[in-house]
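Below is one structure, written out as structure tokens, with a few remarks after it.
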Amino acid sequence: MLLSSTRLRSYLLLSAALLLSAAACHKEEPQPADPKPDAPTPYTLVLPTQLPQNVILPADNPLTVEGIDLGRKLFYETRLSRNNTMSCGSCHQQSKAFTDGRQLAVGVDGIAHQRNSMSLVNLLWEPTLNWDGAATTLETQARKPIENPVELHQSLATGVSKLQQTPLYPPLFAKAFGSSTITEANVLKALSQFERTLISANSRYEKSLLGQTRLNDDERAGKLLFFNHPGEGGNSSARGGSCDHCHNGNNFTFTNATFATAGGTAEFVNNGLDRTFTDLGRFNVTGRNSDKGLFRVPTLRNIALTAPYMHDGRFQTLEEVVDHYNEHIERNSPNVNPILLLSNPAPAGSNSTTLNLTANEKRQLVAFLKTLTDSTFIQDPRFSNPF
């Protein structure tokens, strides 16, 4: 039966309406946008009461739980080295107070660095880093060992590319910095966050100050020698090692600008090792002749764990170090710290100084230095290799 034109028009209109209705019923609903990652959790930094409390953290890199956790993993991550065999933790081992026990650091290619690995401890309070102070922030310092040809020997950009290809790191960067796209800046920030938590303040010496333990007779005698100066108060018979001239304050490092050498800074000293220099030290950074042979004064915290000693690791034992300061300071070394010469008179016709410490006094001084070891620091699981 044929439909009239009016009925046909009505039929077609009805069919079109039904088709539009069906299409509307099957229209896909818009999908919600991916949720933004949660903001990282602020980390509450609790400083030991015996350490300075006026710590300044960079505004663009606050401490967070997620950032510190990521930094710890990166600190022990071998993908940041050229051949995937070494990490920051290779030259900075927790059991050795974050040194490596070598005279000179050795990189991925088996080439020795010209300097000894410094301890990473209480860096929150260090205004300059490295033996020559070439870095003034942890963020700028962290790049140097990664890219140095005699250390990890790999561009940070290559390291970032390696990390990006892993299933582990993109989600961790998203939690710490809000993006799974890994950047060089965020790698350096995470490493720096972790390193700022490496705080040591629980040695036997500090416990003795808090009345929690008592040093033995030799350790107490060594403490007096450490802080006393020969001839102090006009008493020519006064005994002392003058150690606190350069190792003072809460962190046993050079903090008093009063003792700066002319043209130098309070953190760098020529301690009379040599008459001529194979390593010019601070001069390589400043270009000032008065900085030739000057090096940063390292902390004495955990000093019994960080042998060998000096910027070139020339002394294997604390006994050798004490011998140097007692009787082998080179008076004619350019820019030698004048305090060393004032504290250590020279015998007639000698180029060296002497404190005139006896063998027993040297032994007592070393006994005191060993009380600066913080056994909890080297066993703290928060600082250990997570892999």
Between the side chain of N337 and the main-chain N/O of I339, is any donor-acceptor distance below 3.5 Å? yes
Does the side chain of H92 reach to within under 4.5 Å of the side chain of S117, using non-hydrogen atoms? yes
Any side-chain heavy atom of N335 within less than 4.5 Å of one from N289? no
From CZ (F315) to CD (Q103), nearest 0.5 Å: 11.0 Å
Working note: Y169 + E77, criterion side-chain hydrogen bond (donor to acceptor under 3.5 Å, both in side chains); need CA distance, chi angles, decisive distance, verdict. CA-CA 11 Å; Y169 284 106; E77 178 52 69; 2.6 Å; yes
Can a side-chain donor-acceptor contact be found between T140 and T137 if the only test is distance below 3.5 angstrom? yes
Indicate whether any N or O donor in one side chain lies under 3.5 Å from an N or O acceptor in the other, for H153 and N148. no
Please report the shortest heavy-atom distance between L168 and P171, naming the atom on each side. O-CD, 3.4 Å
Do we see a donor-acceptor contact under 3.5 Å between the side chains of H229 and D244? yes
Scan side-chain atoms only and decide if N251 and N122 contain a donor-acceptor pair under the 3.5 Å cut-off. yes
When you group the ILVMFWY residues by side-chain heavy-atom contacts below 4.5 Å and let the links chain together, are I146 and M118 in the same group? no
What's the shortest heavy-atom distance between F173 and V187, and which atoms? CZ-CG2, 3.7 Å
With a 3.5 Å distance limit and no angle check, can you tell me whether S200 reaches the backbone of V121 through a side-chain donor-acceptor pair? no
Side chains of T376 and N202: donor-acceptor distance under 3.5 Å anywhere? yes
Verify whether one side chain among N83 and T85 offers a donor that lies under 3.5 Å from an acceptor in the other. yes
Under the 3.5 angstrom rule, does the side chain of T158 hit a backbone N or O of Q154 as a donor-acceptor pair? no
Just checking, is any N or O donor in the side chain of Q50 or N250 under 3.5 Å from an acceptor N or O on the other one? no
Could you see if Y205 belongs to whatever hydrophobic cluster contains V322? Use Ile, Leu, Val, Met, Phe, Trp, Tyr and a side-chain cutoff under 4.5 Å. yes
Donor-acceptor check, side chain of Q164 to backbone of I182, threshold 3.5 angstrom: yes or no? yes
Between P52 and W125, is any pair of side-chain heavy atoms under 4.5 Å apart? yes
Under 4.0 Å between a Lys/Arg side-chain N and an Asp/Glu carboxylate O for K362 and D323? yes
Let me check something: do L191 and M86 share a hydrophobic cluster, defined by ILVMFWY side-chain heavy atoms less than 4.5 Å apart, either directly or through other members? yes
Salt-bridge test for E219 and R204: reply yes if a basic N is under 4.0 Å from a carboxylate O, no otherwise. yes
For Q93 and S95, indicate whether the former's side chain and the latter's backbone hold a donor-acceptor pair under 3.5 Å. no
Following the transitive rule for hydrophobic clusters with a side-chain heavy-atom cut-off under 4.5 Å over Ile, Leu, Val, Met, Phe, Trp and Tyr, establish whether V106 and L120 coincide in one cluster. no
Taking the side chain as every heavy atom from C-beta outward, state whether H324 and L273 have any atom pair closer than 4.5 Å. yes
Under a plain distance cut-off of 3.5 Å, with no hydrogens placed, do T373 and N302 share a side-chain donor-acceptor pair? no
Kindly compute the distance separating NZ (K223) from CG (N228), expressed to the nearest 0.5 Å. 10.5 Å
Are E66 and T41 packed together at the side-chain level, in the sense that at least one heavy-atom pair is separated by less than 4.5 angstrom? yes
Do any N or O atoms from the side chain of R239 and from the backbone of P230 form a donor-acceptor pair under 3.5 angstrom? no
E195 with R72: basic N within carboxylate O range, under 4.0 Å: no
Indicate yes or no: at least one non-hydrogen side-chain atom of V160 is less than 4.5 angstrom from one of T183. no
Does any donor atom in the side chain of N84 or K162 lie under 3.5 Å from an acceptor atom in the other side chain? yes
Enter the distance from C88:SG to F194:CZ here, rounded to the nearest 0.5 Å. 9.5 Å
For the atom pair OG (S192) and CG (L74), what is the distance rounded to the nearest 0.5 Å? 10.5 Å
Distance-minimising heavy-atom pair for P308 and R102: CD-O, 3.2 Å
Derivation of the side-chain hydrogen bond (donor to acceptor under 3.5 Å, both in side chains) call for E139 and N61: CA-CA 9 Å; E139 284 79 5; N61 192 23; 2.8 Å; yes
Take the angle between the ring planes of W131 and F295 and call it parallel below 30°, perpendicular above 60°, tilted in between. perpendicular
I'd like to know whether the aromatic ring centres of H247 and F254 sit less than 6.0 Å apart in this structure. no
Looking at CG of L357 and CD of Q364, how far apart are the two atoms once the value is rounded to the nearest 0.5 Å? 10.0 Å
Determine whether V366 and L224 fall in the same hydrophobic cluster, where Ile, Leu, Val, Met, Phe, Trp and Tyr are linked whenever their side-chain heavy atoms lie under 4.5 Å apart. no
Give a yes/no verdict on a cation-pi contact between R296 and F268, requiring under 6.0 Å between NZ or CZ and the six-membered ring centre and an angle within 45° of the axis. no
May I ask you to decide if the ring planes of F383 and F98 are parallel, tilted or perpendicular, using 30° and 60° as cut-offs? perpendicular
Check the pair D109, V150 against side chain to side chain contact (heavy atoms under 4.5 Å, CB included), reporting the backbone distance first and the verdict last. CA-CA 7 Å; D109 299 315; V150 297; over 6 Å; no
Would you give the length of the straight line joining atom OG1 of T253 to atom CG of L300, rounded to the nearest 0.5 angstrom? 8.0 Å
Please determine if R301 and D374 form a salt bridge, counting it only when a charged side-chain N lies under 4.0 Å from a carboxylate O. no
Shortest non-hydrogen pair, L172 vs K73, comes out as CD1-CD, 3.7 Å
Under 3.5 Å donor-acceptor, E151 side chain and A105 backbone: no
Identify whether the distance between the nearest side-chain nitrogen and carboxylate oxygen of E184 and K189 falls below 4.0 Å. no
Between Q165 and S161, a side-chain donor and acceptor under 3.5 Å: yes
Would you confirm whether E126, through its side chain, and L124, through its main-chain N or O, come within 3.5 Å as a donor-acceptor pair? no
Are F368 and F226 near enough that their ring centres are under 6.0 Å apart? yes
With N271 as partner, the option from L294, L340, I329 fulfilling side chain to side chain contact (heavy atoms under 4.5 Å, CB included) is L340
Tell me whether R220 contacts the main-chain N or O of L215 through its side chain, where contact means a donor paired with an acceptor under 3.5 Å. yes
Minimum-distance pair of heavy atoms, taken over all atoms of N130 and Q141: OD1-NE2, 3.2 Å
In terms of side-chain geometry, is the basic nitrogen of E147 or R143 positioned less than 4.0 Å from the acidic oxygen of its partner? yes
Please determine if D69 and R382 form a salt bridge, counting it only when a charged side-chain N lies under 4.0 Å from a carboxylate O. no
Quick check with a 6.0 Å cut-off and a 45 degree axis cone: is K292 positioned over the face of F283's six-membered ring? yes
Are any of the side-chain heavy atoms of Q193 and T64 separated by less than 4.5 Å? yes
Can you tell me if N116 and Y309 form a side-chain donor-acceptor pair at under 3.5 Å? no
For P170 and T166 the tightest heavy-atom approach is CD-O, 3.0 Å
Is there a donor-acceptor pair closer than 3.5 Å between any side-chain N or O of R363 and the backbone N or O of T358? no
